[in-house]
2 protein chains.
Amino acid sequence: MSGRDLKDLLYEQVARIARAAASPKRLELIEILVQGEKSVEQLAADAEISVKLASAHLKELRLARLVEARREGRRMFYRLVDRHVADFWVMLRTLAEERLLELQAATREIAEGGGDLAPMAGEQLLERARRGEVIVLDVRPGMEYANAHLPYARSIPVSELRDRLGELPADRPVVAYCRGPYCLMASEAVAILARSGFQASRLEDGVAEWRYQGLPLATAAHDSEECTE
Amino acid sequence: MSGRDLKDLLYEQVARIARAAASPKRLELIEILVQGEKSVEQLAADAEISVKLASAHLKELRLARLVEARREGRRMFYRLVDRHVADFWVMLRTLAEERLLELQAATREIAEGGGDLAPMAGEQLLERARRGEVIVLDVRPGMEYANAHLPYARSIPVSELRDRLGELPADRPVVAYCRGPYCLMASEAVAILARSGFQASRLEDGVAEWRYQGLPLATAAHDSEECTE
DNA sequence: CGTATATTCCAACGAATATTGGAATATGTG
DNA sequence: CACATATTCCAATATTCGTTGGAATATACG
């Protein structure tokens, strides 16, 4: 094989991966899958697209070996192949944010709903949560919390938040997080909490960003009680 | 703006970056630009495409803010916006290699030309080069060496290697490197060296991979003499 | 100012992609 | 086995992208 042909082949393979990521819907599916395994139906619902379209996109992602599928009964469950895919998503998003001004404007629009608390860096938030000075609240669906969550975080899905406000101590600031900076659940939660008199703010990071920074995660509920009260 | 519209906008912006990287030719241009600033003509020649096509691809890359252009006389020089773009390229390639089997097979074909020396890890190679136990040889064009090169490396472009073999001590192993794993110059150099009785092997990494690993680089020729002889 | 050089813009065509509707497959249930 | 459910496959359409040829732009030189 000639040098040129070989090179073409090599770059083509790498481009194939990039092409798999070059679709908004597929990126959204990837971000959802970062939260854990999901069925096609769930993925379609979360990404607000038809099941058929979700299936087609998942096929592309599977072809690029970014996700893999498992059959359970009549359902097909998809998951990311490994954490490098999640890291890639975080890096790509970070790169995009550094470069595109419109993106920064839109991200600001999401953040605006949050409180005034200065954004705390990872290590610092972790320490304050450990000491119980701040309540870290995971507002994603329960399944995703069970799959992986920030240390010391407790789970109240945003859909149940209104009815479960009583579980939260009113004398401490609450930091809500969800799937990541593009997810709106934490913003909604902050709005609900603020309306009820809580000192609430939003953490932009999700588990993917947290892990990307090398910070620890919890995978069960065994540590979420340590900071309860 | 509704939540869905906002999300669509956000993912679309990220996808735009991925789309810019989703073309073999553009990836090749990026890798060439990692070696330093180049004119459109040089880029087209290195990537073996027409100037017009190179210009079109560079326009895409510029639109995505991955590269920026500078005019000097009647030439246009392009460069990567910052090192995050180079890091992105390395990460994308690494991800692709982990995933795609064909790619691994092709990469092996490139490496096959190399010697039998066990591949040395970065730190170790650096130390051996510092002590002069091994000759690190940069076989890229002189301009690229001047822009940035591995510490203790000396420059002999592959095109001049045949005529300058006398400059190399024959009693020490030579490790040649070039632009990165997909570049063929180092393989060619190893073949030439081996034919002349040198104990030659190839380093797959280029400056991008080296920097990605957090290892130091040299930017002038001030340190390439330390290990000369 | 005319000419040569380097690069970009514009137009056009074929190839690839996203999306949707309808049919097909595979699994579980009565 | 008939039937419901979850998902995938296939076909068709609109759109986008890669590539090339020809014209246009910007700069340098005589």
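None of the values given here were measured: they were computed from a predicted structure. Letters go in sequence order (proteins before strands), and every chain restarts at 1.
- Remark: Arg140(B) fails to qualify as a cation-pi partner of Tyr145(B) under the 6.0 Å distance and 45° angle criteria applied to the six-membered ring.
- Across all strands shown, Phe77(A) has no heavy atoms under 4.0 Å from either base or sugar-phosphate atoms.
- The pair Asp46(A)-Lys38(A) meets the salt-bridge criterion, with a side-chain N (NZ, NE, NH1 or NH2) lying under 4.0 Å from an Asp/Glu carboxylate O.
- In this structure, Arg16(B) atom CZ and dT17(C) atom C1' are separated by 18 Å, rounded to whole Å.
- Evaluation of the side-chain hydrogen bond (donor to acceptor under 3.5 Å, both in side chains) rule for Arg19(B) yields Glu12(B) as partners, not counting sequence neighbours.
- Tyr177(A) and Asp205(A) share no donor-acceptor pair across their side chains, judged by distance under 3.5 Å alone.
- For the pair Leu61(A) CG and dA18(C) C1', the interatomic distance rounds to 14 Å; values are reported in whole Å.
- Using a 3.5 Å distance cut-off with no hydrogens or angles, the side chains of Tyr11(B) and Glu31(A) do pair a donor with an acceptor.
- Atom CG in Leu63(A) sits roughly 14 Å away from atom P in dA16(C) (whole-Å rounding).
- Atom P of nucleotide dT27(C) and atom CZ of Arg74(A) are separated by 12 Å, given to the nearest angstrom.
- If you check every strand for non-hydrogen atoms under 4.0 Å, Arg26(B) touches sugar and phosphate atoms only.
- Mapping heavy-atom proximity under 4.0 Å, the span of DNA chain D touched by chain B runs 5' to 3' from dC17(D) to dC29(D).
- Heavy atoms of Lys52(A) sit under 4.0 angstrom from at least one base atom.
- Both Ser23(A) and Glu72(A) sit near DNA chain C, but only Ser23(A) has its closest nucleotide nearer the 5' end.
- With rounding to the nearest 0.5 Å, the separation of CD in Glu97(B) from OH in Tyr182(B) is 4.0 Å.
- Rounded to whole Å, atom P of dA16(C) lies 13 Å from atom NZ of Lys25(B).
- Between His57(A) and Arg71(A), it is His57(A) whose nearest contact on DNA chain C lies nearer the 5' terminus.
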